[in-house]
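What you see below is based on every heavy atom in this structure, not just the backbone, and it leaves out hydrogens, waters and symmetry mates. Remember, predicted model here, so these are calculated numbers, not experimental data.
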Amino acid sequence: MADWILRESLATTSGTVRWDRFGDPGGEPVVLLHGTPFSSYVWHETAPALAATGHHVHVWDMAGYGTSDMHPDQDVSLGAQGRIFTELLAHWGLEEPSVVAHDFGGCVALRARLLHGARYRRLALVDPVALAPWGSPFFRLVGEHSHVFEQLPAALHEALVREYVTSASHLGLRPAALDALVRPWTGERGQAAFYRQIAQADQRYTDDIQPLYPTLDLPVTVCWGTEDTWIPFAKGQELAALIPGARLVPVPESGHLVPLDAPARLTSELLAFLGA
């Protein structure tokens, strides 16, 4: 999958979202959710590996991310993404898939499950945004002054995004991977979308559901990069302790971008979990 292209689309209240699926249509369904400021591209190594083992793998770009629609006044909040994900599951006809969710995708998957009635067979959370407090000083600064950052010259904006995305990796991203993650946020449309999604990030979307984590009644694994500087490993320990029966899996030598820092290790852990 050298060319990561999502071939399908679904119209939603927050604009058209792009999606795709790989593998055996008769295989066990698995859905992969990305986080911010990323896209489904973070799964470009994991998705084909899971599909090669007989799983039917579904991916999507959240509204306002990647190749999905980006437009002014768009609702790209975690609340909207949770509703859209529930719509996607119905569109796909998936009644109880396994779900793997990274970063903001973790909150989206948890909201869909706890607030919108989505059902999962298993849930794997990878360095998720799930517990208060969250948001780095940079993230909060941009959120409070997004109208100022939107006016940055294009070259300065791209340099900022590159540095920000790079900081999510412990080992360093390959140039092609960094380019693929940064590209959607460039140009007039992408630059506005980058600051829009940060401006709409709000801790209340995890505050809504955090008290409900002890009610989760399905197998859950929590994978966490031990070198994550965005959300420290201690948060993974805290989250796993709140979810009955949850298993914490440390991923050594990996930062926040576990799917790109340690794709083989993560895939191995996921295959063991999904096949359990």
Side-chain angles (χ1 to χ4, degrees), residues 1-4 22 30 32-53 57 59 61-62 65-66 100-107 109 124-131 134-139 142 157-186 190 194 197-198 221-240 247-274:
M1 296 187 182
D3 296 320
W4 185 256
F22 318 103
V30 179
L32 308 179
L33 285 79
H34 70 83
T36 184
F38 314 117
S39 68
S40 60
Y41 179 83
V42 299
W43 302 114
H44 78 280
E45 295 184 73
T46 307
L50 294 177
T53 61
V57 182
V59 298
D61 284 346
M62 291 193 292
Y65 291 76
V100 181
H102 175 243
D103 185 78
F104 262 25
C107 178
L125 298 168
V126 184
D127 296 62
V129 172
L131 297 174
W134 52 265
S136 66
F138 166 80
F139 197 86
V142 173
H157 162 73
E158 182 172 343
L160 181 152
V161 176
R162 282 184 173 276
E163 181 63 27
Y164 183 47
V165 170
T166 298
S167 72
S169 169
H170 175 64
L171 299 176
L173 296 170
R174 295 190 302 274
L178 179 59
D179 287 346
L181 293 175
V182 171
R183 189 176 303 114
W185 303 122
T186 58
F194 179 79
Q197 52 91 19
I198 294 180
T221 192
V222 178
C223 299
W224 215 285
T226 58
E227 308 304 318
D228 189 340
T229 58
W230 283 23
I231 313 177
F233 180 71
K235 282 292 183 183
Q237 296 171 308
E238 183 182 347
L239 178 61
R247 176 172 172 258
L248 177 63
V249 179
V251 184
E253 294 301 312
S254 180
H256 187 68
L257 267 175
V258 174
L260 295 181
D261 272 0
R265 173 67 183 270
L266 179 61
T267 299
S268 176
E269 295 289 351
L270 291 177
L271 286 173
F273 178 63
L274 296 173

Next on the checklist: Taking the six-membered ring for Trp, are Tyr65 and Trp185 closer than 6.0 Å centroid to centroid?
Outcome noted: yes

Checklist entry - What closest approach, in Å, do Pro128 and Leu239 show between heavy atoms, and which atom pair accounts for it? => result CG-CD2, 3.6 Å

Checklist entry - Can you check side chain to side chain contact (heavy atoms under 4.5 Å, CB included) on Leu274 and Leu50, steps first, answer last? => result CA-CA 10 Å; Leu274 296 173; Leu50 294 177; 4.2 Å; yes

Item to check | Minimum heavy-atom distance Thr229-Ser167, with the two atoms named | outcome: OG1-O, 3.7 Å

Next on the checklist: Any heavy-atom pair between the side chains of Thr46 and Val100 that's under 4.5 Å?
Outcome noted: no

Next on the checklist: Within the structure provided, determine whether Cys223 and Leu266 are in side-chain contact (heavy-atom separation under 4.5 Å).
Outcome noted: yes

Checklist entry - Taking C-beta and beyond as the side chain, do Val57 and Trp43 meet within less than 4.5 Å on heavy atoms? => result no

Checklist outcome for this item: Of all heavy-atom pairs linking Cys107 and Val129, the shortest is CB-O, 3.3 Å

Next on the checklist: Whether the side chain of His102 engages the backbone of His256 through a donor-acceptor N/O pair (distance < 3.5 Å, no angle test) should be reported.
Outcome noted: yes

Checklist entry - Hey, is the main chain of Ser169 close enough, under 3.5 Å, to the side chain of Asp261 for a donor-acceptor pair? => result no

Checklist outcome for this item: In short, Leu257 meets Val165 closest at the heavy-atom pair CD1-O, 4.2 Å

Item to check | Donor-acceptor contact below 3.5 Å, side chain Trp224 vs main chain Lys235 | outcome: no

Checklist entry - Which heavy atom in Val258 sits nearest to a heavy atom in Gly255, and how many Å separate them? => result CG2-O, 3.3 Å

Checklist entry - Can you check whether Leu32 reaches Ser40 side chain to side chain, under 4.5 Å on heavy atoms? => result no

Next on the checklist: Less than 4.5 Å apart, side chain to side chain, heavy atoms only: is that true for His44 and Leu260?
Outcome noted: yes

Next on the checklist: Please check: side-chain N/O of Asp127 versus main-chain N/O of Ile231, any donor-acceptor pairing under 3.5 Å?
Outcome noted: no

Next on the checklist: Restricting to salt bridge (Lys or Arg N to Asp or Glu O under 4.0 Å), what partner residues turn up for Arg265, sequence neighbours left out?
Outcome noted: Glu269

Checklist entry - Nearest heavy-atom pair of Gly106 and Leu125: which atoms, and what distance? => result CA-CD2, 4.0 Å

Checklist entry - Would you say the side-chain atoms of Thr267 pair up with the backbone N or O of Ala264, donor to acceptor, closer than 3.5 Å? => result no

Checklist entry - Who passes side-chain contact (heavy atoms from CB on, under 4.5 Å) against Ser39, sequence neighbours left out? => result Tyr41, Asp61, Leu181

Checklist entry - What about Phe22 and Trp4, are their ring centers closer than 6.0 Å? => result yes

Item to check | Interatomic distance, Glu227 atom CD to Leu171 atom CG [nearest 0.5 angstrom] | outcome: 9.0 Å

Next on the checklist: Could you check whether Phe138 and Trp230 have their ring centres less than 6.0 Å apart?
Outcome noted: no

Checklist outcome for this item: Value for CZ (Phe104) from CE (Met62), rounded to nearest 0.5 Å, stands at 7.5 Å

Next on the checklist: According to salt bridge (charged side-chain N to carboxylate O under 4.0 Å, His left out), does anything in residues 172-181 pair up with another residue at least two apart or in another chain? List the pairs.
Outcome noted: Glu45-Arg174, Arg162-Asp179

